[in-house]
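Shown next, in structure tokens, is the structure this report addresses.
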Amino acid sequence: MATRDPHRFVNELDEAALERLIARLESRAQDAVFARLFDKYVVRLPLPPSARVLEVGCGTGAMLRSLARRDDFTGKALGVDQCSHFIEAASQFAQAENISDRLTFKVGDAHCLDFPPATFDVVIAHTLISHVTEPAMVLSEMARVVRPGGTVVIFDGDYASLTYAFPDHGFGHQMDVALASATFNNPRIMRDLPRLLPELGLKLTAAWGDAVVEIGNGSYFKSFVETYVPYVMQAGLLPAQAVDVWLNEQRQAMENGTFFAACNYYTYLARRT
Ligand SMILES: C[S@@+](CC[C@H](N)C(=O)[O-])C[C@H]1O[C@@H](n2cnc3c(N)ncnc32)[C@H](O)[C@@H]1O
């Protein structure tokens with residue numbers, strides 16, 4: 001069976017799988033290491049007092065809730081996602097935090113955004129671009145709906161760098177590759193952005209990389225394997241029994257304090273010319 005990125009094909013998942021993805025998105029947002037990567041670019045965003053912010057592929061809205069909690073954000077933000085289940089969850093989470101007057105969520109496709117040109121001051125894609133069907137089309141839509149002089153942010157992992165330690169290095173490498181291809185439609189897309197952005201009228205203003213590394217114990221990468229190893233199994237990329245052995249080894253390593261996993265993440269800030 002071929003790989004099917006669960007976030008790309010989210011509308012084909014059953015209720016239980018959707019709930020697992022919701023739990024993963026929410027736990028990831030609370031992970032200190034991961035939350036710091038969001039804060040690191042948010043402080044650099046030019047946000048006027050009445051800023052209009054769009055997040056494409058907002059999932060459960062965890063990033064926009066983080067934004068709304070900031071004292072220096074007094075504007076309004078809108079989240080768009082293709083999955084109505086996620087959008088419903090996003091609205092409920094925002095209501096529960098009493099911030100729904102500043103956050104709105106709606107269903108939509110990042111490949112054809114339902115907004116006129118130049119509607120937003122800032123447009124964010126936070127771990128979206130690795131999942132979409134046509135990354136260049138999504139970037140072009142982001143460039144269209146941001147105002148001239150406004151900012152586009154693309155944050156995502158470079159999943160060719162995703163790695164978990166495993167005593168058999170050969171199988172460990174196969175498992176790294178299988179995890180990346182079962183989970184991400186575009187595992188290497190972040191390497192293409194310096195070339196793609198200028199073609200869309202987006203001038204790169206800043207870009208940097210961060211390594212997310214867990215040694216000894218796992219939290220971010222623990223929830224990653226528990227969520228996504230079933231998709232490696234479903235795709236039949238590697239023998240199920242060998243994948244089980246690998247997963248048990250990761251669980252054991254976390255218990256023993258001998259765990260190691262890492263992945264590079266990149267942030268691009270670009271100005272609409
Ligand atoms: C890994 S999640 C990230 C969610 C959120 N940005 C966060 O960081 O918590 C990727 C999201 O992209 C959404 N997505 C994927 N393809 C999409 C598309 N073509 N249009 C809109 N949303 C899409 C998925 O439904 C999913 O919610």
Side-chain angles (χ1 to χ4, degrees), residues 3-15 17-31 33-42 53-69 77-94 103 105-115 122-142 144-145 152-159 162 179-180 182-187 189-190 210 212 220-221 223-224 227-228 231 263 265-267:
T3 56
R4 287 178 83 71
D5 173 335
H7 285 286
R8 178 182 176 203
F9 294 107
V10 69
N11 287 324
E12 296 175 14
L13 300 179
D14 62 25
E15 184 102 5
L18 288 171
E19 290 304 322
R20 281 194 295 275
L21 289 185
I22 288 176
R24 159 74 186 162
L25 291 176
E26 288 296 304
S27 84
R28 185 178 78 162
Q30 280 158 29
D31 189 281
V33 174
F34 203 76
R36 253 204 311 278
L37 301 184
F38 176 74
D39 293 339
K40 193 166 167 180
Y41 71 72
V42 167
V53 174
L54 172 70
E55 186 190 359
V56 279
C58 64
T60 57
M63 296 303 120
L64 291 186
R65 274 182 278 132
S66 274
L67 177 67
R69 284 194 290 265
L78 175 65
V80 166
D81 200 281
Q82 64 177 351
C83 174
S84 59
H85 202 89
F86 286 178
I87 288 297
E88 226 168 87
S91 304
Q92 282 168 9
F93 287 134
L103 298 184
F105 296 98
K106 67 184 259 185
V107 176
D109 183 355
H111 297 85
C112 53
L113 294 169
D114 190 14
F115 305 108
V122 173
V123 179
I124 300 172
H126 191 93
T127 65
L128 166 75
I129 209 72
S130 60
H131 295 290
V132 298
T133 310
E134 291 289 346
M137 202 183 285
V138 170
L139 293 170
S140 150
E141 277 297 85
M142 293 172 73
R144 183 181 67 79
V145 300
V152 163
V153 185
I154 303 114
F155 168 84
D156 217 319
D158 178 50
Y159 300 103
L162 174 70
L179 264 175
T183 313
F184 305 100
N185 195 51
N186 317 300
I189 188 66
M190 293 304 276
D210 292 278
V212 174
Y220 175 76
F221 288 111
S223 117
F224 184 91
T227 308
Y228 296 117
Y231 295 96
C263 185
Y265 284 81
Y266 294 98
T267 305

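All ligand and atom numbering here is 1-based and tracks the order in the structure.
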Is [X] reaching over with its side chain to a backbone N or O of [Y], donor-acceptor style, under 3.5 angstrom?
X	Y	value
H126	E55	no
N186	V132	yes
R144	F115	yes
N11	Q82	yes
D81	F86	no

Part of [X] within contact of ligand 1 (heavy atoms, under 4.0 Å):
X	value
C58	backbone
L128	side chain
T127	both

Those atoms of ligand 1 less than 4.0 Å from some heavy atom in [X]:
X	result
H131	1 (C), 10 (C)
G108	20 (N), 21 (C)
H111	19 (N)
V10	25 (O)
E55	5 (C), 6 (N)

* Asked: Counting only heavy atoms not in D114, do more than 12 sit closer than 6.0 Å to its CG atom?
  -> no

* Taking the six-membered ring for Trp and the full ring for Phe, Tyr or His, determine whether the centres of H7 and Y231 are under 6.0 Å apart. => no

* Selection from H126, R28, E141 by shortest heavy-atom distance to atom 9 (O) of ligand 1 -> R28

* Got an N/O contact under 3.5 Å between A62 and ligand 1? -> no

* Is the closest N or O pair between D81 and ligand 1 shorter than 3.5 Å? -> yes

Which residue and heavy atom of the protein sit nearest [atom], plus the separation:
atom	answer
atom 19 (N) of ligand 1	D109 OD1, 2.9 Å
atom 22 (N) of ligand 1	Q82 N, 3.2 Å
atom 20 (N) of ligand 1	A110 N, 2.8 Å
atom 4 (C) of ligand 1	G57 O, 3.3 Å

* **Close side-chain approach of R65 to E26, heavy-atom, < 4.5 Å** => yes

* Asked: Any side-chain heavy-atom pair from R28 and L25 closer than 4.5 angstrom?
  -> yes

* To do: Compute the minimum heavy-atom distance from G61 to ligand 1 and say whether it is under 4.0 Å.
  => no

* May I ask you to establish whether R24 and F221 are in a cation-pi arrangement, using a distance under 6.0 Å from NZ or CZ to the six-membered ring centre and at most 45° from the ring axis? => no

